[in-house]
Amino acid sequence: MRSQKANNFQLVIGLFLLGSGASKREMEVLAHAGLSISYTSITGHVKGLSKEGMARVREIVKTSMCQIVWDNLNIAFRVAAERLKAKNHFDNGTTGTVIPVFDPETGGHAAHGTLPFVMKPLRERTLPVLDWTAEDTLPSPQSAAELSSSCFWQLKRLALSHIPGVPAELKKQFEECPVVDQIPLHKSEQYPVPAMKLDESTLEGTLEVYITILRSMGLDDEALEAHGLMFDDGDLLTDSLKEKIESARRNSTTPIAGMRASVRRLGLFHGEMAGGRLTVNEHWGKPNSLWAGGLWWEHNKLLKRKPITAGWSGKKATPWKPAHELIHISLPAHIVDGFRIYCGQESLEAWAKTATMDEFDRVARIVSDKLFSTAAVEELRAKEASDRDITLENSILYNRDALFYIEFIHAIKKGDIGRVLNVLSIWMVMMRTPKTMPRYADAMFETLVRLKHFPPKLRQLFLANWLVNLTGRAYGFKPVDLLQEHQNSGRRSSTRQGHKQELGMARDDHRVHIHPARRDANRADCVQDSCIR
DNA sequence: ATGGCAAATTTCCCACAGTT
DNA sequence: AACTGTGGGAAATTTGCCAT
């Protein structure tokens, strides 16, 4: 009844089992029941798929332009009873992804050789030379105007979706955010490269990773030169390591070893995290301070969340995820309250039920001017010291800054890279603050200045491929470096004992890690056994 | 009915952490 | 102290399909 050949269904189940960390014996039981193919076949298929994927990459890179991204992957292996040869340890490796470059002009892949090496100026000095003028140190008037109008739109968007009683009709009338530089909707392809047991966190490691990825793409020096420039995203550390290699090997004549093809690009997910930390740290406030910060640390307590340490003086970096959520919860509340104050009626809900779009716009403008603008703060600060309301000033500054963050996140999802740039250019100034931020300020400044001097085609492709869209749906864009992080979390969760081989990592010992879910399942097995007996 | 072939499955081993 | 279970991989065996 069961067929060894017509086993598509069983194959899918088998791949699912492997992906969700089922144990070998579980897979075998299901294989015997006819629900899955055997364990050996599953691993065989995975290898086959991986081979197929790499073969496809090698094909594509011959005709299309590709970009690469890689990220460090650490998996913790825990041992309950440590022995001489069995310790708790981390396995450090690096995973990477190849992505064909999207060309907005054609709507398809950018052709191989579109960006010849000559488009990237030769490195002539040890230190990077940036051709900048005073006007590069501030956002341009146009950029500032665009940012203001986007932020005003965000304010209205949040108000519409959070104020109780807003009629559905009014929500429908609300138009999309003004477009600055939208990446056309498209579906990005991605091809993972085999995991490397290499640590990318050193100069040597970065170079090794780079060379390994290019080799697995089937590129040698000649082929790379024919391919032309290649974007590679990374965090600040990776970026600075690549920059150092470019400097140290500036006289190298071989494209791969001299990193001639590399066009460094600061990963926007890392920019997002820096921006979130910037906002929360700056407005966190101090417990028992005379003046509360705009983002009261008490908000976190109010929400009954796990206490976090934030603020510039913290020993550890502010955890990004809770910070991100906190802004998304707290800012809409500030906005709703702003409308409550300025709607001119006793009940905000009653006002909202009858408000027209014009009326809504009118109040939004007042809220924005009074509670979300630098001008409002300056007006308050001009008062006599005794009349000043520092708490209100702090709240307004928080409102303004948090809106930048919301705008950044929204622009990324939308795929409007022009709006992303506008936030970057204001953050470039704002991040000139304590701790690790000045390095982000520098990186953003460098990126913006480099972009300005790129040849038009290089600039266009750089921007249009800074974000990817795996689903091809509206609001489905995400930063390239986030894609890589997501890949890693997938690998981490499907990692089991012995599975290090699949990550391409050396198998130095057996039996080191049990997936938490597995442990529970095993326990459940035991209970069942004793019941049968 | 048979052989050839490839795919799928089964069997076996490793060797020690983990459990009772 | 006795016993169990672990994933990968090689080798052996079985199964399924096709052509003759």
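Naming: A, B, ... by sequence-line order, numbering from 1 per chain.
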Whole-Å gap separating [atom2] ([N]) and [atom1] ([X]):
X	N	atom1	atom2	answer
A:His45	C:dG9	NE2	P	17 Å
A:Met27	C:dG9	CE	P	13 Å
A:Lys24	B:dC14	NZ	P	14 Å
A:Gln10	B:dA7	CD	P	18 Å
A:Ile42	C:dG7	CD1	P	12 Å
A:Leu30	B:dA8	CG	P	18 Å
A:Glu28	B:dT9	CD	C1'	8 Å
A:Lys47	B:dA8	NZ	P	14 Å

*Give the C-alpha distance, both sets of side-chain angles, the deciding distance and a yes or no for side-chain hydrogen bond (donor to acceptor under 3.5 Å, both in side chains) between A:Glu189 and A:Tyr191.*
CA-CA 7 Å; A:Glu189 293 162 47; A:Tyr191 300 93; 2.9 Å; yes

*Where the side chain of A:Glu272 meets the backbone of A:Phe408, is there a donor-acceptor pair that is under 3.5 Å apart?*
no

*So, is A:His32 close to the B:dT10 phosphate, meaning a side-chain N or O under 4.0 Å from OP1 or OP2?*
yes

*Does A:Ser38 place a side-chain N or O at less than 4.0 Å from the phosphate oxygens OP1/OP2 of B:dA8?*
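For B:dA8, neither OP1 nor OP2 has a side-chain N or O of A:Ser38 closer than 4.0 Å.
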
*Any luck finding a side-chain donor-acceptor pair between A:Asp401 and A:Thr279 under 3.5 Å?*
no

*asked:* For A:Glu243, is there an ion pair with A:Arg264 - N to carboxylate O distance below 4.0 angstrom?
replied: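 Result for this pair is no, no salt bridge flagged.
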
